[in-house]
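Reviewing the structure listed below.
Below, chain A is the first sequence line, B the second, and so on; all start at residue 1. The figures that follow rest on heavy atoms only: side chains count, while hydrogens, waters and symmetry mates do not.
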Amino acid sequence: MIASSHSADEKVHEIARLTNEVKEMRSAFVDGRSRLMRLKMESAVVAKMKEKGLAPSVIPPQKIKVKSKD
Amino acid sequence: MAVSEKNILNRLYFIAGCMFIFGIAVMVKLANIQFVQGDEYRAKASERIVKDFVIPANRGNVYSVNGNLLATSIPKYDIRFDALTPTSSIFEENLKTLCDSLAKFPGRKTSSQYQRLIRKARANKNRYLLLAKNLGYLEYMRMRTFPMLKLSPFKGGLIVEQKTKREHPMGGIAQRTIGYERIDEEGNVTRPGLDGAFGVKYLRGTDGKHAKQQIGKNQWKPIVDYNKIEPKDGLDVYTTIDVNIQDIAHHALLKQLEYYEAEHGCVVVMEVETGEIRAISNLGRTEKGTYYERLNYAVGESHEPGSTFKVMALMAALEDKVVDTATIVDTKKGVKTFYRRKIYDSHHGGYGEISVAKALEVSSNIGLATIIDENYADNPERFLKYIDKWSLNKTLNLPIIGEGKPVIPKPGDKLWSKNALPSMAYGYNLRLTPLQTLTFYNAIANNGVMVKPRFLKSVREFEDVVEAFDKEVIKSKICSDKTLGEIQEILKNVVERGTGKRLYSPHFSMAGKTGTAQTEYWMEDWKENKRYVSSFAGYFPVENPKYSCIVVIHKPSTQKGYYGADVSGPVFKSIAQKIFTDTPLIDEIESLEVQHASVKKQFESYYNTAQTYRTIMPNVVGLPAMDAIALLENMGLKVSFKGSGVVKKQSVAKGQKVKKNQNVVLEIS
């Protein structure tokens with residue numbers, strides 16, 4: 001009786017710790033995600049590439065598509 | 001007195017009786033506590049160790065159309081410091097290094113300032129000194145590595161408080177449209193944008209409840225609770241915003257606003273067929289001259305549209321068949337008096353007699369005012385009937401709170417006068433929101449089908465779609481195909497040769513209408529300090545339009561320019577350009593195995609030569625250099641050559657015997 005109550009208490013502590021960990025992981029994920037999003041935005045890439053003398057093309061890429069035979 | 005046996009017995013009885021009564025009293029009291037007052041005491045006891053806890057529901061996320069996070073809830077940390085916890089040896093040992101670290105991050109003060117602050121807190125017995133607020137997870141982890149703070153809380157005195165905050169991973173971009181829901185201490189709620197509008201219905205979820213028993217300091221254990229309520233997490237909202245287009249729109253608008261030092265501006269991009277808003281940006285100027293998402297101007301601000309409204313006016317006249325595109329209208333020499341008020345054209349000297357179509361291309365105020373006044377002065381209701389038919393006098397009924405109301409005067413209104421009608425013809429004396437104007441232009445692009453602008457794609461719970469939103473048609477046909485075709489042609493010509501010709505690009509097609517409206521002209525200082533609203537509304541590409549777009553910029557610096565084509569047009573163009581360059585041109589071919597007679601013949605002759613000549617020099621004159629070299633080197637010869645193209649001369653004549661590694665010189669040109 002006492003032992004099982006103790007093990008239940010222990011689980012509560014464990015859960016509290018894990019919940020916190022989940023929150024921290026989530027927070028780290030969003031942090032990383034938002035930094036990635038800002039980095040990969042076209043305006044950021046354009047600014048970065050300007051240093052290397054590159055600029056976005058004014059003409060779209062050309063695709064050649066072979067129609068399948070069936 | 002003799003002590004008799006009876007005497008002793010009597011005393012004994014007396015004492016026994018007393019004890020018996022005492023015993024009865026104890027029993028009575030016990031029973032009273034146990035059974036009569038028992039419930040009350042038991043409740044009191046459990047109150048101290050059992051408590052109902054609210055289990056907060058997680059608020060749903062807001063996503064873009066391509067699945068990027070636009071708004072989410074994440075924990076943020078406040079770092080505080082208990083200045084009394086560390087022993088003096090730990091305190092003295094670590095204070096300087098801690099303050100050096102603090103000076104680097106968060107870095108609000110210098111190291112010595114931090115030292116003074118913390119020493120003061122220790123002297124004042126401050127057990128709750130704020131060091132940093134609203135830290136993200138990574139920043140929080142960084143602070144935990146600082147000297148003293150990295151010790152256990154009972155030694156180092158670190159206090160961490162965690163709270164949940166709404167975060168926009170995109171930063172300032174589209175912040176106002178994505179929005180938030182904020183409840184202040186008095187319980188007042190402000191909820192701009194989508195997060196606010198759909199907060200109650202979808203995002204918020206419902207909080208749960210569960211009883212818990214205390215098992216230690218600040219540690220509570222859930223116990224069996226038959227009244228338990230499970231929290232229901234909020235649903236995720238998928239918007240129609242496209243992050244890439246939004247990014248371009250935001251930065252293009254920002255660039256123009258900064259260059260023209262304008263007061264505020266907005267841009268909206270809408271998908272023609274569905275009415276889905278792909279980008280919406282609203283930027284307002286601060287006192288320092290920087291810009292941020294201040295108010296949702298595109299949705300909330302109704303203003304005099306100016307020349308972009310000429311399209312509606314002319315469309316009404318064309319549809320009503322009072323004019324056709326070839327009708328000649330006299331725009332005089334740039335000035336014409338209507339009911340004792342002069343109307344001017346921006347082109348000095350005027351356009352003279354021009355066709356109706358040309359009047360719209362060059363955006364002649366006089367032209368449009370004349371057309372409408374001549375045909376509708378006697379019966380303005382006939383003109384207003386079209387405005388009503390196109391729902392321009394009604395709000396769009398958007399979910400976002402604070403939609404601006406359009407103002408269209410009628411005869412009999414306070415705003416109505418003889419001059420009201422000709423003014424309306426070129427976009428004054430009435431008010432529309434940018435989104436309303438866009439909805440109308442979108443209908444022109446969408447072959448007459450007017451669809452309602454939409455911000456929501458679907459509401460989901462994890463991957464399951466709870467509610468999906470389809471396009472809503474306001475009007476299935478705004479006008480006849482003939483009128484529509486004429487208007488589309490004129491809008492195309494505006495960019496090709498009219499007021500928007502500076503935007504013309506040979507690579508891709510656009511159609512639209514510029515607008516330069518005076519604003520606050522009723523104020524006395526207007527003459528010295530002229531203020532304009534520059535706009536551009538249109539769609540692209542011309543054939544089979546994909547997106548419609550409106551750009552409105554308020555009060556650009558007139559020294560730098562104020563015409564719609566100069567101020568707002570470039571924003572429109574860069575969005576069109578971007579979408580054009582992002583869509584690959586696709587050439588389809590039937591098969592890769594193309595048989596060309598000449599190629600086949602050449603290959604056969606090459607093959608034959610290669611098969612026949614092993615030790616005898618072949619004739620390579622007339623062959624392409626690439627073939628000749630391959631041929632000769634395969635025979636084991638050493639080839640040297642000059643130039644590129646076709647072989648002109650060979651150093652070893654045809655038919656001569658050759659040996660391995662013999663040198664051959666080719667002349668190529």
Side-chain angles (χ1 to χ4, degrees), chain A, chain B residues 58 61 64 68-70 72-77 135-141 162 164-165 167-171 173 212-213 215-216 218-223 243-248 250-252 254-255 505-508 577-593:
Chain A
M1 174 74 189
I2 293 172
S4 75
S5 153
H6 262 292
S7 88
D9 287 4
E10 234 162 60
K11 288 212 165 72
V12 170
H13 289 285
E14 176 80 6
I15 289 166
R17 196 178 58 75
L18 290 175
T19 320
N20 250 341
E21 204 176 308
V22 167
K23 274 187 185 166
E24 282 173 3
M25 296 284 191
R26 216 184 121 68
S27 174
F29 159 71
V30 173
D31 222 72
R33 180 82 171 256
S34 56
R35 278 199 321 191
L36 168 68
M37 249 168 99
R38 267 172 227 166
L39 281 176
K40 75 175 184 186
M41 273 196 300
E42 184 169 321
S43 52
V45 176
V46 168
K48 198 115 205 167
M49 283 298 118
K50 215 172 177 182
E51 296 162 14
K52 297 191 173 172
L54 294 177
S57 156
V58 279
I59 302 162
Q62 189 104 17
K63 244 189 197 174
I64 299 174
K65 199 172 163 188
V66 182
K67 278 188 194 158
S68 58
K69 273 183 198 126
D70 42 51
Chain B
N58 292 323
N61 297 332
S64 76
N68 290 316
L69 263 180
L70 296 180
T72 187
S73 300
I74 55 161
K76 287 270 174 181
Y77 304 86
L135 296 186
Y137 176 71
L138 294 176
E139 294 166 323
Y140 158 58
M141 285 321 261
Q162 191 203 49
T164 306
K165 275 221 141 189
E167 182 83 350
H168 297 133
M170 289 260 286
I173 293 176
K212 286 184 182 179
Q213 186 182 19
I215 54 171
N218 282 333
Q219 284 289 351
W220 296 77
K221 168 177 83 168
I223 52 171
V243 175
N244 298 327
I245 301 178
Q246 177 74 44
D247 171 43
I248 294 303
H250 178 92
H251 285 99
L254 185 64
K255 189 177 145 207
S505 162
H507 299 303
F508 57 96
Q577 167 87 60
K578 146 95 183 158
I579 289 165
F580 168 71
T581 39
D582 273 8
T583 328
L585 301 172
I586 297 175
D587 273 354
E588 286 204 356
I589 55 167
E590 285 295 342
S591 161
L592 279 175
E593 285 155 33

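- For B:His168 against A:Arg38, the heavy-atom pair with the smallest separation is O-NH2, 4.0 Å.
- Of the atoms belonging to B:Gln577, it is side-chain heavy atoms, and not backbone ones, that fall under 4.5 Å from chain A.
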Could you list the donor-acceptor pairs under 3.5 angstrom formed between side-chain atoms of residues 51-63 of chain A and any protein atom two or more places apart in sequence or on another chain?
residue	atom	partner	partner atom	Å
A:Ser57	OG	A:Ile59	N	2.9
A:Ser57	OG	A:Ile59	O	2.5
A:Gln62	NE2	B:Asp587	OD2	3.1

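- Proximity to chain A is absent for every atom of B:Asn58, based on heavy atoms less than 4.5 angstrom apart.
- Annotation: A:Ile64, atom CD1; neighbour count of heavy atoms from other residues, nucleotides and ligands within 6.0 Å does not exceed 12.
- Interface remark: B:Phe508 contributes no atoms to any contact with chain A (heavy atom separation under 4.5 Å).
- Counting heavy-atom pairs closer than 4.5 Å to chain A, the top residue among B:Asn244, B:Thr581, B:Thr583 is B:Thr581.
- Heavy atoms closer than 4.5 Å to chain A are found in the backbone of B:Ser73, but not in its side chain.
- In this structure, chain B has heavy atoms under 4.5 Å from both the backbone and the side chain of A:Met41.
- Residue A:Lys11 does not touch chain B at all, counting heavy-atom pairs closer than 4.5 Å.
- Both the backbone and the side chain of B:Ile586 come within contact range of chain A, each with at least one heavy atom under 4.5 Å from a heavy atom of that chain.
- The 12-atom threshold is not exceeded at NE2 of A:His6, counting heavy atoms of other residues, nucleotides or ligands nearer than 6.0 Å.
- For the pair B:Asn68 (side chain) and A:Met37 (backbone), a donor-acceptor distance under 3.5 Å is absent.
- For the pair B:Lys578 and A:Glu42, the minimum side-chain heavy-atom distance is below 4.5 Å.
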